Amino acid sequence: MSTAEAGTGRTLTTDIPARLDRLPWSRWHWTIVIGLGTVWILDGLEVTVVGNIASRLSEPGSGLHISSGQVTGVAAALYVAGACLGALFWGRLTDRFGRKHLFMITLAVYLAATALTAVSWEAWWFFLFRFLTGFGIGGEYAAINSAIDELIPADYRGRVDLIINGSFWLGAVGGSLLSIVALDTGLLAKDVGWRLTFALGTVLALVILLVRRHVPESPRWLLIHGRDREAEEIVSGIERRVEEERGEPLPAAEGELEIHQRKSVSFLEIARTVFGRYRRRAVLGFSLFIGQAFLYNAITFGFGAILTTFFDVPSGHTGYYFAVIAVGNFCGPLLLGKLFDTVGRRVMISSTYLLSGLLLFGTAWLFDRGSLSAGTLTACWCAVLFFASAGASSAYLTVSEIFPMETRAMSIAFFYALGTAAGGISGPLLFADLTGTGRVGDTVLAFCIGAALMCAAGLVAAFLAVRAERRSLEDVARPLTAVAGRAKAAAQGTRPSRGTPGSQGRGPTAPPAASRP
């Protein structure tokens, strides 16, 4: 690594991004996945539990004077509003002050707000801390997706990002089953069971917080913000751990980047970059998030009402059906994730969106004909969401890798807030009326709206999706601080490392086969 004074900052030539991308999968990468990725399980647990215990909270003796409509209406809206505002607020701070500071702070906010929700005694208290819980979880999306993409090697970035975002549905499965236990008055009193569900979320968040202490700051972020010595120490430490694990030296990194370090980038420059220089990519991000938001609301928002109204499923049993749907959601990213790195982003993003939309059109047709039972409808939903979940997860992957380093967290925050607002505000307003009328035609219309928007997003992806598979983030979107227009090819053969004094050069060796995550 070499540096030169230039203006108000330093001009630096570095191979750190290339060194991170050429790493084989290792135990250290599993630490990143566990420390950062498991928070989506908590998000899924939170959202599902609250929806399933709404009826219990409204019952006399629950310890809280609140109606079921207030839980699923006011509290849900406040959680969504908190998530949108939190994403934008923390997203800007993540780009400015670093990934690690923010993913520690946002998890602490989530932990404290969830703990205080558990001791609610009045509706206003419950509402306040549902808002703050959303405020913390919204910030997590920006900070976590930024850090993961900047730490995970390019060859694995797609599948890891999809599986981590898809793990939301593991939490949804746990939340469905946990709510069944919490609502069993034979095991827990009415005013205890629902409180323990929030307390469990607090305990899990505390465990994740302890693990997260060992996750380093993004070396890519450190480089840009004038802390290249810290970046070099982190990357050298990772390389030593990986070499010790494998018992052989790593291959030489190929590729260098020249950047002009800056402490911060103005909000105006971020806006010009995202909506000016990369306007086609902004249209892509907008389409992907809106499409998946409306498809999910077309199915999940009224699924309980559909089952009870049209198939006479007892309200206390809908959690079992939702658990099955949630399993289908998680299997999509898990089984299809590798293809996003091998077949490619454009083919997989467009095909998962189009397939899920077409399958939902088919489900609507069968539902309109009266050809479905509660079980077969759930099976249809599973098939739709198997593809839709992979597509929805790829939306987060897309907006986190197609914009420059300096705008990454803010870009994620903006599109997340946009999709969450559309799905959590516009979606319920539209689909609640349609699925709540008890008329088959209205529910069919809800399905068709979600399917049409998902197909439209798939067509946009077919033309605009970026071929980012197995490519360095700096190659996909050149940093705003980059001096050269492209990365310079690294010299071949043995060369000294130009980082901190005393670092050892690494000669080239044939890269061994790497294990897959």
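The structure presented is a predicted model; accordingly, all values stated were derived computationally and were not measured. The residues of the chain are indexed from 1 along the displayed sequence.
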- request: Identify which one of Arg99, Arg220, Lys100, Arg157 satisfies the salt bridge (charged side-chain N to carboxylate O under 4.0 Å, His left out) criterion when paired with Glu150.
  value: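 So, applying the salt bridge (charged side-chain N to carboxylate O under 4.0 Å, His left out) to Glu150 and each of Arg99, Arg220, Lys100, Arg157, only Arg99 qualifies.
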- request: Using salt bridge (charged side-chain N to carboxylate O under 4.0 Å, His left out) as the criterion, point out the one residue from Arg471, Arg281, Arg345, Arg470 that pairs with Glu401.
  value: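 Exactly one option meets the salt bridge (charged side-chain N to carboxylate O under 4.0 Å, His left out) with Glu401, and it is Arg345.
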Is the distance between the ring centroids of [X] and [Y] under 6.0 Å?
X: Phe275; Y: Phe414; value: yes
X: Tyr396; Y: Phe415; value: no
X: Trp25; Y: Trp30; value: yes

Identify the heavy atoms of [X] and [Y] that sit nearest to each other, and give their distance.
X: Gly419; Y: Ala293; result: O-CB, 3.4 Å
X: Phe311; Y: Ala374; result: CD2-N, 3.6 Å
X: Ser400; Y: Asp161; result: OG-OD2, 4.0 Å
X: Thr407; Y: Asp95; result: C-OD2, 3.5 Å
X: Ala142; Y: Gly91; result: CB-CA, 3.8 Å
X: Ile234; Y: Pro216; result: CG2-CB, 3.9 Å

How long is the straight-line distance from [atom2] of [Y] back to [atom1] of [X], given to the nearest 0.5 Å?
X: Leu78; Y: Leu128; atom1: CG; atom2: CG; answer: 9.0 Å
X: Phe168; Y: Leu42; atom1: CZ; atom2: CG; answer: 11.0 Å
X: Leu162; Y: Leu335; atom1: CG; atom2: CG; answer: 11.5 Å
X: Ile41; Y: Phe330; atom1: CD1; atom2: CZ; answer: 7.5 Å
X: Phe103; Y: Ile105; atom1: CZ; atom2: CD1; answer: 11.0 Å
X: Leu359; Y: Phe447; atom1: CG; atom2: CZ; answer: 13.0 Å

Within the structure provided, determine whether [X] and [Y] are in side-chain contact (heavy-atom separation under 4.5 Å).
X: Ile144; Y: Arg212; answer: yes
X: Val466; Y: Tyr278; answer: no
X: Leu151; Y: Pro219; answer: yes
X: Ile16; Y: Leu20; answer: yes
X: Thr31; Y: Arg27; answer: no
X: Thr363; Y: Leu377; answer: yes
X: Val207; Y: Thr38; answer: no

task: Could you list all the ring-ring contact (aromatic ring centres under 6.0 Å, His included) pairs where at least one residue sits in residues 194-224, not counting sequence neighbours?
output: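 Qualifying pairs, neighbours excluded: Trp221-His225.
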Cut-off 3.5 Å, no hydrogens considered: what does the side-chain donor-acceptor table look like for residues 118-126, sequence neighbours left out?
unit_1: Ser120; atom_1: OG; unit_2: Thr117; atom_2: O; d: 2.7
unit_1: Trp125; atom_1: NE1; unit_2: Leu116; atom_2: O; d: 2.7

- prompt: More than 12 heavy atoms of other residues, nucleotides or ligands under 6.0 Å from CZ of Phe286: is that the case?
  reply: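 Counting neighbours around CZ of Phe286, 12 or fewer heavy atoms of other residues, nucleotides or ligands fall under 6.0 Å, so no.
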- request: Could you list the residues that satisfy salt bridge (charged side-chain N to carboxylate O under 4.0 Å, His left out) with Arg96, not counting sequence neighbours?
  value: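 Salt bridge (charged side-chain N to carboxylate O under 4.0 Å, His left out) check on Arg96 returns nothing, list empty.
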message: So, using side chain to side chain contact (heavy atoms under 4.5 Å, CB included) as the criterion, who are the partners of Val343 when residues are at least two apart?
response: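 If we apply the side chain to side chain contact (heavy atoms under 4.5 Å, CB included) test to Val343, skipping adjacent residues, the hits are Leu339, Val347, Met348.
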Table please: side-chain donor-acceptor pairs of residues 382-395 below 3.5 Å, with sequence neighbours left out.
unit_1: Ser389; atom_1: OG; unit_2: Asn329; atom_2: O; d: 2.7
unit_1: Ser393; atom_1: OG; unit_2: Ser389; atom_2: O; d: 3.0
unit_1: Ser394; atom_1: OG; unit_2: Gly391; atom_2: O; d: 2.5

message: Donor-acceptor pair, distance only, cut-off 3.5 Å: does the side chain of Glu245 make one with the backbone of Ser26?
response: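 Pair absent, no side-chain N/O of Glu245 close to backbone of Ser26.
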- prompt: Step by step, would you call Tyr141 with Asp43 a side-chain hydrogen bond (donor to acceptor under 3.5 Å, both in side chains)?
  reply: CA-CA 10 Å; Tyr141 276 93; Asp43 190 17; 2.7 Å; yes
task: Any salt bridge (Lys or Arg N to Asp or Glu O under 4.0 Å) involving residues 77-87? Give me the pairs, sequence neighbours left out, ordered by first then second residue.
output: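 Checked against salt bridge (Lys or Arg N to Asp or Glu O under 4.0 Å) - neighbours excluded - no pair reaches residues 77-87.
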Pair Glu217 + Arg227, salt bridge at N-O below 4.0 Å: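 No salt bridge links Glu217 with Arg227.
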